[in-house]
Structure formats: C-alpha cells, structure tokens
Amino acid sequence: RIKQYPDGKLTVPSLIHYLDQLASVEQFEPNVIIVDYPDLMKVSSDNTRRDLGQIIIDLRAIAVERNLAMFCPSQINRQGMSADLVTSVHTAEAMLKVNTADTVLTYSRTKREGALKLARVYANHVRDAETDIEVLISQAYNIGQFVTEATVMNKELRAALNEEKPKGEVTAVPSAPSEEGGLPIS
C-alpha cells in the first residue's frame, strides 16, 4: 500500500494512527515501511535539526515496537555532491539521522560510472554487522531496474573505473549493461 501526504503535513502521531487503523480495520500490518524523506515531515521552524532528529528517533521506535523494517532515505549536503564516495558525514541537516539508524547505506556515482550505467552502494554505518563494504552495481533505469547485478568492490575494479583512456581507445572497464541490464564484470 502507498499512502501519500502533502509536504510538511505528516507527523509521527498521524503515522501511528494510520498504522493502527490498518491493523484494526483492514487486519493489515506492514513488514516494511518506507518514509520517503522524513525531512519533509512536519517540523517546528524554531529548531528544525532538533525536531528532525526526534522524528528519526520516533520512526525507529515505531520500527522496533512493531518489529518491522523502516527505510528513511535522506539527502546529502553540498560537500557530498562532489565527493567520489558519499559517506554518512555528507548527510544533510541532522547528524542524529546517522546516529539513530541501524544501517546507513550511501549511493555514489561518478559521471563516468553514470555513463557506464554503474553506481556504488556503500555500507558506511552498520550496527552489529560488518561495515565499510562497497558494492558496484549495474543499473537499467530504462527497464525500471535499480540494480541488475552487483559485485563487491576491490582494488582491480577501482583501478579499472579510475583508468583514464584517450578518446577512442577501449577501456579495461566493462562495457555498459545491455538494454536488459547486467554487469559484465567477472
């Protein structure tokens, strides 16, 4: 189910009320909730960072109390826009978002990777599990696929992606995915 709220209108109590209504009226309890951009929930203009941090804490509480997965995408700050590898230090607004989260995944893509239909997902902050893992993904947005294939980054892949070749010269980086997608990396 998808429930949409106008920007600046959703509050944590209204989300709890909606979930309670789903459970009691429709006997439906979600396993996963995606709050697409908590920064657009209703916050006080007096102290936006503090309020946003509290919203994140409250959203995590909902996930824990209801035993469900909660995904809350966020945006990066200006420094993150030019970073080769986006990390949690590039989180926009409240750093409490990072400190509260059980897992922080970042998405990075250079212009070259974008042209090759590649990107990287980085497990930057992971509670109770291995961290600092970077995965190269192939993408095929033209067929609606965020990830078609993936492989853990290593020194050889990084070197191939960073290799500069003169125009017209074939590069060691795998070719872009086909129209159907696919990461041509062995």
Side-chain angles (χ1 to χ4, degrees), residues 1-83 85-109 114 119-148 150:
R1 296 198 169 99
I2 297 174
K3 176 74 173 168
Q4 185 174 1
Y5 293 86
D7 293 355
K9 298 295 183 186
L10 177 62
T11 64
V12 171
S14 62
L15 178 59
I16 291 170
H17 174 75
Y18 176 69
L19 293 172
D20 289 344
Q21 182 181 10
L22 282 177
S24 64
V25 175
E26 299 183 35
Q27 289 74 50
F28 176 74
E29 296 187 32
N31 296 323
V32 176
I33 296 176
I34 301 171
V35 179
D36 189 3
Y37 205 42
D39 298 55
L40 293 180
M41 291 176 68
K42 186 173 186 173
V43 295
S44 166
S45 59
D46 295 342
N47 195 334
T48 303
R49 283 192 178 107
R50 184 194 68 221
D51 287 358
L52 181 55
Q54 189 59 53
I55 286 171
I56 298 300
I57 290 170
D58 293 344
L59 289 174
R60 185 176 184 279
I62 291 171
V64 170
E65 290 167 356
R66 295 175 184 258
N67 193 31
L68 55 83
M70 173 103 44
F71 296 89
C72 299
S74 188
Q75 292 186 4
I76 57 175
N77 59 27
R78 288 186 184 124
Q79 291 81 18
M81 291 179 185
S82 60
L85 177 63
V86 175
T87 68
S88 58
V89 300
H90 298 114
T91 302
E93 288 300 329
M95 277 303 291
L96 195 53
K97 293 188 273 188
V98 171
N99 298 337
T100 303
D102 290 324
T103 304
V104 174
L105 301 175
T106 65
Y107 174 90
S108 301
R109 183 175 71 182
R120 290 166 287 118
V121 176
Y122 180 55
N124 183 215
H125 171 93
V126 181
R127 195 182 316 263
D128 301 327
E130 190 174 351
T131 191
D132 294 325
I133 298 170
E134 191 176 15
V135 177
L136 180 67
I137 60 175
S138 65
Q139 301 182 296
Y141 287 138
N142 59 325
I143 61 169
Q145 294 294 308
F146 181 74
V147 176
T148 56

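Just so you know, residue 1 is the first one in the sequence shown, and it goes up from there.
In this structure, Ile62 CD1 and Leu19 CG are separated by 6.5 Å, a value rounded to the nearest 0.5 Å. Atom CD of Glu93 sits about 10.0 Å away from atom CD of Gln75, to the nearest 0.5 Å. Rounding to the nearest 0.5 angstrom, the gap separating the CD atom in Glu65 from the CG atom in Asp58 is 9.0 Å. Distance CD/Gln139 to OG1/Thr148: 8.0 Å, rounded to 0.5 Å. The CD1 atom of Ile55 lies 10.0 Å from the CG atom of Leu40; values are rounded to the nearest 0.5 Å. Rounding to the nearest 0.5 angstrom, the gap separating the NE2 atom in His125 from the OG1 atom in Thr87 is 12.0 Å.
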Quiz: residues 25-38 side-chain donor-acceptor pairs under 3.5 angstrom, not counting sequence neighbours:
residue: Glu26; atom: OE1; partner: Arg1; partner atom: NE; Å: 3.4
residue: Glu26; atom: OE1; partner: Arg1; partner atom: NH2; Å: 3.0
residue: Gln27; atom: NE2; partner: Ser24; partner atom: O; Å: 2.9

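Contact annotation: the side chain of Lys3 never approaches that of Leu22 to less than 4.5 Å [non-hydrogen atoms, C-beta and beyond]. Using a 4.5 Å heavy-atom cutoff, the side chains of Asp132 and Tyr122 are in contact. The shortest side-chain heavy-atom distance between Val12 and Gln54 does not fall under the 4.5 Å cut-off.
Within a 6.0 Å radius of CZ in Arg127, other residues, nucleotides and ligands contribute more than 12 heavy atoms. Applying the 6.0 Å contact sphere to CG of Asn67 captures no more than 12 heavy atoms from other residues, nucleotides or ligands.
Across all their heavy atoms, Ser88 and Asn124 have their closest contact at N-OD1, 2.6 Å. Heavy atoms only, all atoms of each residue included: Val126 and Ala123 are closest at CG2-CB, 3.9 Å. Listed here is the closest heavy atom pair of Glu134 and Leu85: OE2-CD1, 3.4 Å. The shortest heavy-atom contact between Ser14 and Thr11 is OG-O, 2.8 Å. Of all heavy-atom pairs spanning Asp39 and Ser74, the tightest one is OD1-OG, 4.0 Å. Minimum interatomic distance between Met70 and Ala63 (heavy atoms only, all atoms of both residues): CB-CB, 3.8 Å.
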Original post:
Does the side chain to side chain contact (heavy atoms under 4.5 Å, CB included) test come out yes or no for Asp20 and His17, once each step is laid out?
Top reply: CA-CA 5 Å; Asp20 289 344; His17 174 75; 5.6 Å; no
Original post:
Run the side chain to side chain contact (heavy atoms under 4.5 Å, CB included) check on Thr106 and His90 step by step: do they pass?
Top reply: CA-CA 9 Å; Thr106 65; His90 298 114; over 6 Å; no
Subject >> Criterion side chain to side chain contact (heavy atoms under 4.5 Å, CB included) on Gln79 and Val89, from CA distance to verdict >> reply: CA-CA 9 Å; Gln79 291 81 18; Val89 300; over 6 Å; no
**OP:** Take Ile56 and Leu96, measure what side chain to side chain contact (heavy atoms under 4.5 Å, CB included) needs, and give me the verdict at the end.
**Re:** CA-CA 8 Å; Ile56 298 300; Leu96 195 53; 5.9 Å; no
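Taking the ring-ring contact (aromatic ring centres under 6.0 Å, His included) definition, one finds that Tyr107 meets it with Phe146, sequence neighbours left out. A search for salt bridge (Lys or Arg N to Asp or Glu O under 4.0 Å) contacts involving Arg109 returns nothing, not counting sequence neighbours.
Inspection of the Lys97 and Thr91 side chains reveals no N or O donor paired with an N or O acceptor under 3.5 Å.
Of the possible donor and acceptor atoms, none in the side chain of Ser108 sits under 3.5 Å from a partner among the backbone N and O of Arg120.
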